[in-house]
Amino acid sequence: MASSISTPPKSLNHINNNISSKTKSFLKTKPFRPNKNRVKFPSISSINFPIRVLECSSTTARYNEAVVDEEMDRIRRLQNGSDVRGVAVDGEKWRQVDLTPPAVEAIAESFGEWVVGELERERGGGGAAAVRVSLGRDPRISGGVLSAAVFAGLGRAGCAVFDMGLATMPACFMSLSNCVFGQMTASHLPYTRNGLKFFTRKGGLTSPQVEEICDKAARKYANRLAKVSTVLRIKPTRVDFMSAYAKHLRDIIKQRVNHPLHYDFPLQGFQIIVNAGNGSGGFFTWDVLDKLGADTFGSLHLNPDGMFPNHIPNPEDKTAMALTRAAVLENRADLGIVFDTDVDRSGVVDKQGNPINGDKLIALMSAIVLKEHPNTTIVTDARTSMALTRFIADRGGRHCLYRVGYRNVIDKGVQLNRDGVEAHLMMETSGHGAYMVVKIIIEMVRMKLEGSDEGIGSLIKDLEEPLESVELRMNILSEPRFAKAKGVEAIEEFRNYLEQGRLEGWELDSCGDCWVSEGCLVDSNDTPAAIDAHMYRFLVASGLDKILDISQIDNYASNGKL
């Protein structure tokens, strides 16, 4: 660590002068708002912990205080809505590793303490029974060392820990009957990333709850400034939950198909291609489909490989879908399936080679569910098209649009059911996991038994498709702690621009409970434009080739070019 600083520090007041009043008001609501009396020093990302205290002086004291403040903010910035995500492995340009074992240990310990506190409150302060926490993970190369950090943190909190090893997100959900659980995954993101998801029997944690956990973790991290303990206070118990989960899926298919000739092998005579993307989804081939009599020859990338050498494990990835489509057509298969890393997202390809994801996937699931539950409400995020709304209405259903985020969509469905509005399907445009695929397979077999050879794609043959569907994303050029506020400001400016009628033919759609800052745009011209409907929203570090900052967006707006 350097003993002196050559560049004079800038004050926070100077930095704040370059931020709009809207951004300042937004920052006031955040618990990690910097102390205005402290000194903001240049980047200290190259400093390694633990910190060695130098000669005592007022300058040194302020320096170390600023270092601790910055490191605490690093932990808080790992929050990603209701999850924790960060860079766990070197390999990304302009991004440093921030999801380190010490950070993960502090977060896991804070999660364990939070669960203990919640149980004590439920019992009226009489003390909670031992908290049981299970952890599953995907095959990312950082999973091993970060799992050890999770176990160490949960042990510090006094939790009994169960190691599920390589396990899918849906399988982890099943463990809720006995445990609270966490999942270590970064979903469809590259191998360099990793993260944590938290669930209790009440469902996934909310963003404020994860924010509270990360805030506590930041304080622990700053106080500790040490490596993860190499000795686990409570050794995790290794459990094989995937076998039980796979049997559960097999039983569902057998019972719902109820095949009149071969009950135990209802998929006999069907060829199904699985593309697991080298994630955790390979089990679905050998532990579900093969054991039910399906022919899975031609399946792709089934073996877990944390480097994801073939393509990003994401059903929305063009390479993943193209390879699956080619395999289906080459093998004349009845169905193709694409899973993401932890199998909480999936897409399918019908027997004609047509990719089914996004709006099409929701339409397919809506058609299946509305057969079973006529007039039910389908809850989706707000990125869906007007064509999907018409498709659902034509089959007697209702379409409820809500905020982006799986937790938000699920919560809205739970609320509707509680209020007496029947909602049997809650689904994001990014799709859902193995159980959704199970529903599609069951319907495919039923159609065959009823004498139809059209395949699953025939259920959505009348779904109108927009001429073009575009999701706009932008990178924000800003200090990390101000990036979210800057993004909110940009979206609000865009909203104002539309409300003033300065973008001809477009208006904000009144789509129920959507946040206006994440609202839909609907073409209202007599001659529709190429884009039927799409979301505008803000994401940090989305990986676009073109980077826009706030001033550029403002210039586009003032010149009528947005």
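Every heavy atom of this structure was used, including side-chain atoms; hydrogens, water molecules and symmetry mates were not. Nothing fancy with the numbering, it's 1 onward along the sequence.
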Between the CD1 atom in Ile368 and the NE2 atom in His373, the distance rounded to the nearest 0.5 Å is 12.0 Å
Looking at Asp462 and Arg395, is there a salt bridge between them, counting it only when a charged N and a carboxylate O are closer than 4.0 Å?
yes
Residues Lys439 and Glu372 bridged, charged N to O under 4.0 Å
yes
When you check the side-chain N and O atoms of Thr341 and Asp138, is any donor under 3.5 Å from an acceptor?
no
State whether the side chain of Asp350 and the backbone N or O of Gly353 hold a donor-acceptor pair below 3.5 Å, judged by distance alone.
yes
Using 30° and 60° as the class boundaries, would you call the ring planes of Tyr245 and Phe283 parallel, tilted or perpendicular?
tilted
Around atom CZ of Arg398, are there more than 12 heavy atoms from other residues, nucleotides or ligands closer than 6.0 Å?
no
What residues, two or more places apart in sequence or in another chain, satisfy side-chain contact (heavy atoms from CB on, under 4.5 Å) together with Val438?
Leu249, Ile252, Ile253, Phe284, Ile442
Note, Glu443 side chain near Lys371 side chain (heavy atom, < 4.5 Å):
yes
Lys NZ or Arg CZ of Arg193 over Tyr191 ring: under 6.0 Å, within 45°:
no
Glu454 with Lys461: basic N within carboxylate O range, under 4.0 Å
yes
Pairs satisfying side chain to side chain donor-acceptor pair (under 3.5 Å), at least one member in residues 321-333, at least two apart:
Asn275-Thr324
Find the distance between CD1 (Ile362) and CG (Leu425) and round it off to the nearest 0.5 Å.
8.0 Å
Polar side chain donor-acceptor pair, Thr296 to Asp290, under 3.5 angstrom:
yes
Can you list the steps and then say if Leu78 with Arg85 is a side chain to side chain contact (heavy atoms under 4.5 Å, CB included)?
CA-CA 5 Å; Leu78 291 171; Arg85 284 188 183 173; over 6 Å; no
Given Leu388 and Glu464, is the side chain to side chain contact (heavy atoms under 4.5 Å, CB included) satisfied, shown in steps?
CA-CA 8 Å; Leu388 177 64; Glu464 304 169 43; over 6 Å; no
